[in-house]
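Below: one structure, written as structure tokens.
Just follow the structure's listing: the first ligand is 1, and inside any ligand the first atom is 1.
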Amino acid sequence: MSDVELRVVDDVEAAGEAAAQLIAEAAKGGGHIGLSGGSGPRTAYERAAILQPDWGRAELWWIDERCVPPDDGRSNYRMIRESLLDGLARPPAAVHRVRGEAPPEEAADEYDAALDGVTLALALMGIGPDGHTASLFPNAPALDETERRAVAAEAGLEPFVPRVTLTRPALAAAETMVYLATGEGKADAVGRAFGQEPSPATPASLVRGRRTIAILDRPAAERLAT
Ligand code: 6PG
């Protein structure tokens, strides 16, 4: 029994393509789109820009950010600018970046206020090998947040810089949540997130949208009974 629609595809390229199609569809439909950083989704973003070069009806948000300046190599803003925004013919109606260069609490307060009244049409999530998603790390206090839409958080994994992350209530309101996880290094976390009882030890097991889809390649899905 799963509350998640599992889509297992052959390899990392097919997973990126499947995610790109969902992102492109959402951009075409318009509304608020939340994207994660990390390395996993880069090719999906590049492909989404090709499939749907007009993002004029969409507004872009970050699921989480590393607290570094926007031109830093670790910045999720920079990754998404390079892989997605730079390839678009028409930019989003608004690009809501987290001010990674500001003190984390201040940046989180600003983002929380900016998110007032916003419901994400799509939230694109990654999973870390430790089971984290967004910057919600295993057993972290941020997992207990019930009011705010964005909070400052400590990193549980590299890069060890403070984070700003959307919270469980903000993410739970998302109309469609898409997890993208590929490679055998994610198999254990994927097994715990989608195949076992929800637990704060595996934040990705606790974070679900109103509808949740998990796009996995075979190596990442290897510990799931599919
Ligand atoms: C971040 C990401 C993060 C990511 C996972 C998976 O800033 O670290 O937004 O939450 O989605 O860590 O990252 P990879 O795709 O790099 O494995």
For this session: Could you tell me whether R208 and D3 make a salt bridge, using a distance below 4.0 angstrom between a side-chain N and a carboxylate O?
Result: yes

For this session: Tell me, please: is I63 in heavy-atom contact with ligand 1, that is, under 4.0 Å?
Result: no

Seminar exercise, completed: shortest atom 6 (C) of ligand 1-to-protein heavy-atom contact is with I127 O, 3.5 Å

Exercise. Apart from F137 itself, which Ile, Leu, Val, Met, Phe, Trp or Tyr residues share its cluster (side-chain heavy atoms under 4.5 Å, direct or through members)?
Worked result: L157

Exercise. Among the heavy atoms of M125, does any lie under 4.0 Å from an atom of ligand 1?
Worked result: no

For this session: May I ask you to list the atoms of ligand 1 that are less than 4.0 angstrom from any heavy atom of N76?
Result: 1 (C), 7 (O), 9 (O)

Exercise. Is the closest N or O pair between D64 and ligand 1 shorter than 3.5 Å?
Worked result: yes

Exercise. Who's the nearest protein heavy-atom neighbour of atom 15 (O) of ligand 1, and how far?
Worked result: G40 N, 2.8 Å

For this session: Starting from atom 4 (C) of ligand 1, locate the nearest protein heavy atom and write down its residue, its atom name and how far away it is, to 0.1 Å.
Result: G37 O, 4.0 Å

Seminar exercise, completed: among protein heavy atoms, the one nearest atom 10 (O) of ligand 1 is A134 O, 2.6 Å

For this session: Give the single entry among K186, R163, E158, M79 that approaches atom 17 (O) of ligand 1 most closely by any heavy atom.
Result: K186

For this session: Indicate the ring-plane relationship of H96 and H32, choosing parallel, tilted or perpendicular according to the 30° and 60° boundaries.
Result: tilted

For this session: Could you tell me whether W62 and Y111 have their ring centroids closer than 6.0 angstrom?
Result: no

Problem set entry | Residue, atom name and distance, where the atom is the protein heavy atom closest to atom 8 (O) of ligand 1 | R66 NH2, 3.1 Å

Problem set entry | Qualifying residue, where the test is side chain to side chain contact (heavy atoms under 4.5 Å, CB included) with I215 and the options are L6, L124, V178 | V178

Problem set entry | Check ion pair E17-R47 (N to O, under 4.0 angstrom) | yes

Seminar exercise, completed: re atom 13 (O) of ligand 1, the protein heavy-atom contact at minimum distance is G38 CA, 4.0 Å

For this session: Output yes when R99 and E110 qualify as a salt bridge under the 4.0 Å nitrogen-oxygen rule, no when they do not.
Result: yes

Exercise. Under a 4.0 Å N-O cut-off, is there an ion pair linking R42 with E82?
Worked result: yes

For this session: Determine yes or no for a side-chain-to-main-chain donor-acceptor pair under 3.5 angstrom, with K186 supplying the side chain and I127 the backbone.
Result: yes

Problem set entry | Winner among G126, G128, S39 once heavy atoms are compared against atom 14 (P) of ligand 1 | S39

Exercise. For ligand 1, is H132 a contact, meaning one of its heavy atoms is under 4.0 Å away?
Worked result: yes

